Amino acid sequence: ANMADAQSIRLSVDLTDAPRNIFHSQLTIPVNPGPLTLVYPEWIPGNHRPSGPIANVTGIKMEAGRQTLAWQRDPIDMYAFHVDVPAGANELRVSLDTITNDGSAGASGQAATSNVLDLNWNQVVLYPQGASSDDVQVTASVAMPSDEWKFGTALPWLSNLQSGRNVVVSFKPVSLATLVDSPLIAGTHYRKIELTKPGETPAHVIDIVSESDPALAMTPADQAAYRKLVAETGALFGARHYLEYHFLLTLSDEAGHHGVEHHQSSDNSVGERTLIEPELQLMEAGLLPHEFTHSWNG
């Protein structure tokens with residue numbers, strides 16, 4: 001692959017237009033001069049077919065130095081993009097936009113509303129064809145829509161700095177595989193529920209984002225049940241193969257609904273009043289335990 005070895009892709013995602021269901025991303029990719037093919041992730045976690053939402057990608061621009069480069073989409077493989085890297089260039093800057101009003105995380109429906117968003121990193125990256133997703137390192141950062149938005153993710157983060165009205169969150173470098181396996185949710189109404197005692201490892205938390213504050217009111221009985229779930233998985237499986245675990249829970253009637261398993265988290269989206277209406281709560285009671293169990297069995 002035409003990629004300088006042992007260097008990482010820098011990725012910055014601008015979510016200020018997320019309420020309009022547009023994610024902007026910029027990638028800086030180390031390269032060598034010559035022909036290069038970049039690819040968009042086609043096989044993504046929890047999907048049983050090659051369903052990476054390529055139809056949602058638009059506005060691709062590639063630059064080296066001050067030069068805008070002509071790129072060509074592969075005539076057969078819709079997930080591949082060809083470009084010639086000019087002599088003397090060691091970095092390629094790629095910008096792209098992702099339209100998230102449908103088909104993210106393998107779910108129907110939109111990924112964001114004016115109060116919540118669900119960022120699946122496979123939506124916003126390109127990487128050199130032929131590179132192993134375990135070997136490509138990515139250093140990511142995210143600009144939130146405004147300083148009112150709080151986030152949850154299993155991805156290890158370094159800092160969140162106030163920059164004007166925006167909070168920019170910087171993450172530790174991880175492999176592309178880990179990045180794509182670690183979605184991020186954010187919202188204007190956020191609540192964190194600790195399921196493990198202080199100092200106990202690995203930590204288990206539920207990160208909840210919602211369209212409204214009243215919807216965040218998980219009952220003490222339900223919190224106790226989720227703590228019991230954590231204890232029961234320990235007894236049943238006898239191993240904790242993660243550094244920490246995040247149940248990511250989005251409560252919205254407008255955002256697309258789904259449950260997707262990941263190694264250190266699960267990405268769950270249900271109706272806004274699920275925690276506060278017993279009938280809804282009962283209908284969705286199996287979702288978090290189901291996706292949590294997939295962390296062990298793949």
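Note: hydrogens, waters and symmetry copies are ignored here, and every other heavy atom, side chains too, is used. The structure presented is a predicted model; accordingly, all values stated were derived computationally and were not measured.
Remark: the Q110 side chain and the N101 side chain contain no N/O donor-acceptor pair separated by less than 3.5 Å.
Rounded to the nearest 0.5 Å, atoms CG (L216) and CD1 (I206) are 12.0 Å apart. Between the CZ atom of R93 and the CD atom of Q26 there is a distance of 7.5 Å, given to the nearest 0.5 Å. D84 contributes atom CG, which lies 9.0 Å from atom CG of L36 (distance to the nearest 0.5 angstrom). Atoms OG and CD, on S146 and E148 in that order, are 4.0 Å from each other to the nearest 0.5 Å. Atom OG1 of residue T274 and atom CG of residue L251 lie 6.0 Å apart, to the nearest 0.5 angstrom. Once rounded to the nearest 0.5 Å, the distance linking OG of S114 with CZ of R20 reads 13.5 Å.
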**Request:** For side chain to side chain donor-acceptor pair (under 3.5 Å), just list the numbers for Q264 and H262, CA-CA rounded to whole Å, side-chain angles, deciding distance to a tenth of an Å, and then say yes or no.
**Result:** CA-CA 6 Å; Q264 302 201 106; H262 295 279; over 6 Å; no
**Message:** Would D118 and T250 count as a side chain to side chain donor-acceptor pair (under 3.5 Å) here? Give the steps.
**Reply:** CA-CA 8 Å; D118 184 9; T250 300; 5.6 Å; no
**Request:** Report the C-alpha distance between F292 and H246 in whole Å, list the side-chain angles of each, state the deciding distance to 0.1 Å, and finish with yes or no for ring-ring contact (aromatic ring centres under 6.0 Å, His included).
**Result:** CA-CA 9 Å; F292 188 31; H246 290 254; over 10 Å; no
**Message:** Go through it in stages, so that I can follow the logic: the residues are E272 and S210, the test is side chain to side chain donor-acceptor pair (under 3.5 Å), and I'd like the CA-CA distance, side-chain angles, deciding distance and then a yes or no.
**Reply:** CA-CA 7 Å; E272 181 179 344; S210 176; 4.8 Å; no
**Message:** side chain to side chain donor-acceptor pair (under 3.5 Å), that's the test. Do N268 and H257 meet it? Break it down for me.
**Reply:** CA-CA 7 Å; N268 311 280; H257 294 163; over 6 Å; no
**Worked verdict on F171 versus W121 for ring-ring contact (aromatic ring centres under 6.0 Å, His included)** = CA-CA 13 Å; F171 296 95; W121 301 93; 5.8 Å; yes
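If you chain together hydrophobic residues whose side chains sit under 4.5 Å apart, V205 and I193 never meet in one group.
Here the side chains of M218 and I208 are in contact, with some heavy-atom distance below 4.5 Å. For the pair V125 and L176, the minimum side-chain heavy-atom distance is below 4.5 Å. With contacts defined as side-chain heavy-atom distances shorter than 4.5 Å, the pair V39/Y127 qualifies. Side-chain contact between H82 and D74 is present, with at least one heavy-atom pair separated by less than 4.5 Å. Side chains of P50 and E42 form a contact here, defined as non-hydrogen atoms less than 4.5 Å apart. The closest side-chain heavy-atom distance from D267 to L249 is not below 4.5 Å. By the 4.5 Å heavy-atom criterion applied to side chains, K172 and W157 are not counted as neighbours. Looking at V174 and L155, their side chains come closer than 4.5 Å, going by heavy atoms from C-beta outward.
By the 30° and 60° cut-offs, the orientation of the rings of Y245 relative to F247 is perpendicular. Between W296 and H241, the two ring planes are perpendicular [angle over 60°; tilted spans 30° to 60°].
When hydrophobic residues (I, L, V, M, F, W, Y) are linked wherever their side-chain heavy atoms come within less than 4.5 Å, the members clustered with Y190 are V116, I185, V209, L248.
Within the structure, side-chain hydrogen bond (donor to acceptor under 3.5 Å, both in side chains) pairs that include any residue of residues 275-288 comprise D222-Q281, R273-E277 (at least two apart or interchain).
Shown are D17, D14, T16; of these, the side chain to side chain donor-acceptor pair (under 3.5 Å) with H24 is made only by D17.
For the residue pair Y79 and G52, the shortest heavy atom distance occurs at OH-O, 2.6 Å. Residues H263 and S295 share a closest heavy-atom pair of O-OG, 2.6 Å.
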